[in-house]
Amino acid sequence: MWRPVHAITSFAAGLVFGIGLIVSGMANPAKVLGFLDLAGAWDPSLALVMAGAVSVGALAFALAGKRTRTLLGAPMLLPSARAVDRRVVIGSLVFGLGWGLAGICPGPALVLAGLGSTKGFVFLAAMIAGNGVFELLEKNRGSRARLEPERA
Amino acid sequence: MSIDWSAFTPVSALVGGVVIGVAAGFFLLVNGRVAGISGILGGLLRPLTGDVAWRAAFVAGLVAAPLAWGVFAALPRVQIDTGYAGLVAAGLLVGVGTRYGAGCTSGHGVCGIARMSPRSIVATLLFMIAGFAIVYLARHALGV
């Protein structure tokens, strides 16, 4: 059951997540590119960001275990997709190209916008436009599938 | 490969990572969802009843983070060297790719690896390889 308190806890989670991005250096695109530049003067810092986040995250998933309800009574809604299909492969490669072009992924894009960075806003606007392109592609795919069910 | 020790910030990286993990873990245990930012944001473009407020709130929290930070400390210095055309191209690729691939650095990278999802581990390897490759091309092969 969704309750208004979940919007408050959601805000808190986003806030703390964003502070983690700032502390870790993930919100600084130049630092992210320093990590992605293996052949240059490599800055390994972001490997430690991942290590820290994944360790604590793994603990939380272990605590969540087989619970079907959260501590606040909401249903546990974990992703059920398991297949490594064409979509996840192509999508992740496309995402990686964009990430490597600017050093910005979705979380930091929102933090940079909050910082009032003009370039951050431009990236965020383009990213949301990209989300919109995806929705249009999905819509067309859906209507094609309805028209030609045998090829869906 | 040579490590740039002057840029290496192990303590803040690890501490920041732990804070990210705490946020993702809290979100899981309280809201029952994976803190995948591309999905949370992208889901706002197909609004469903009862599914909007928590998404908007999470996004607002991320945007508010630097404002909250600014109350207590100097705002972090960020550096974006990519030009405007590059940022638009990059944003579009990230926007389409993360939705098509159903996840980004947070959903596949942090949460997916933490729950040992093979799908997310593959996704993370792929977006990192693509990121390494494009930076190599831009900085070393093409020298732009």
Asks: Hey, which of A/L124, A/L110, A/V111 is the one that makes side chain to side chain contact (heavy atoms under 4.5 Å, CB included) with B/V63?
Replies: A/L110
Asks: So which of B/V34, B/V30, B/L75, B/D51 has the largest heavy-atom pair count under 4.5 angstrom toward chain A?
Replies: B/V30
Asks: Would you call B/R99 and A/E135 a salt bridge, taking side-chain N to carboxylate O under 4.0 Å as the test?
Replies: yes
Asks: Output the option from A/G100, A/S92, A/A30 having the highest count of non-hydrogen pairs under 4.5 Å with chain B.
Replies: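 So the answer, after comparing A/G100, A/S92, A/A30, is A/S92.
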Asks: With a 4.5 Å limit on heavy-atom distance, are the side chains of B/L28 and A/M76 in contact?
Replies: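 B/L28 reaches A/M76 side chain to side chain.
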Asks: Find the one option among A/P29, A/G57, A/G18 whose heavy-atom pairs under 4.5 Å with chain B are most numerous.
Replies: A/P29
Asks: Need one label for B/T9: side chain, backbone, both or neither, based on atoms under 4.5 Å from any heavy atom in chain A.
Replies: both
Asks: Say you draw a straight line from CH2 of B/W69 to CG of A/L21; how long is it, rounded to the nearest 0.5 Å?
Replies: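 Reported value, rounded in 0.5 Å steps: 11.5 Å.
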Asks: Only pairs of heavy atoms separated by less than 4.5 Å count here; which of B/G70, B/P76, B/A56, B/A65 has the most with chain A?
Replies: B/A65
Asks: Find the one option among A/L78, A/L38, A/V84 whose heavy-atom pairs under 4.5 Å with chain B are most numerous.
Replies: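 Sorted descending by pairs with chain B, the first entry is A/L38.
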Asks: Relative to each other, are the rings of B/F132 and A/F35 parallel, tilted or perpendicular (30° and 60° limits)?
Replies: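 Taking A/F35 first and then B/F132, their aromatic rings sit tilted (interplane angle of 30° to 60°).
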Asks: Contact between A/T70 and B/L29 at the side-chain level, heavy atoms closer than 4.5 Å - yes or no?
Replies: no
Asks: Do B/L126 and A/F95 make a side-chain contact, defined as non-hydrogen atoms from C-beta onward lying under 4.5 Å apart?
Replies: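 B/L126 vs A/F95: side chains apart.
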Asks: For the interface with chain A, which of B/G25, B/C104, B/A24 has the highest count of heavy-atom pairs at distances below 4.5 Å?
Replies: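 The candidate making the most pairs under 4.5 Å is B/C104.
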Asks: Who wins among A/L112, A/V16, A/L115 for the most heavy-atom pairs under 4.5 Å with chain B?
Replies: A/L115
Asks: Highest number of heavy-atom pairs under 4.5 Å with chain B: which of A/V122, A/V89, A/V94, A/V88?
Replies: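 So the answer, after comparing A/V122, A/V89, A/V94, A/V88, is A/V88.
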Asks: Checking B/A7 against chain A: side chain, backbone, both or neither under 4.5 Å from a heavy atom?
Replies: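 Contact with chain A is through both the backbone and side chain of B/A7.
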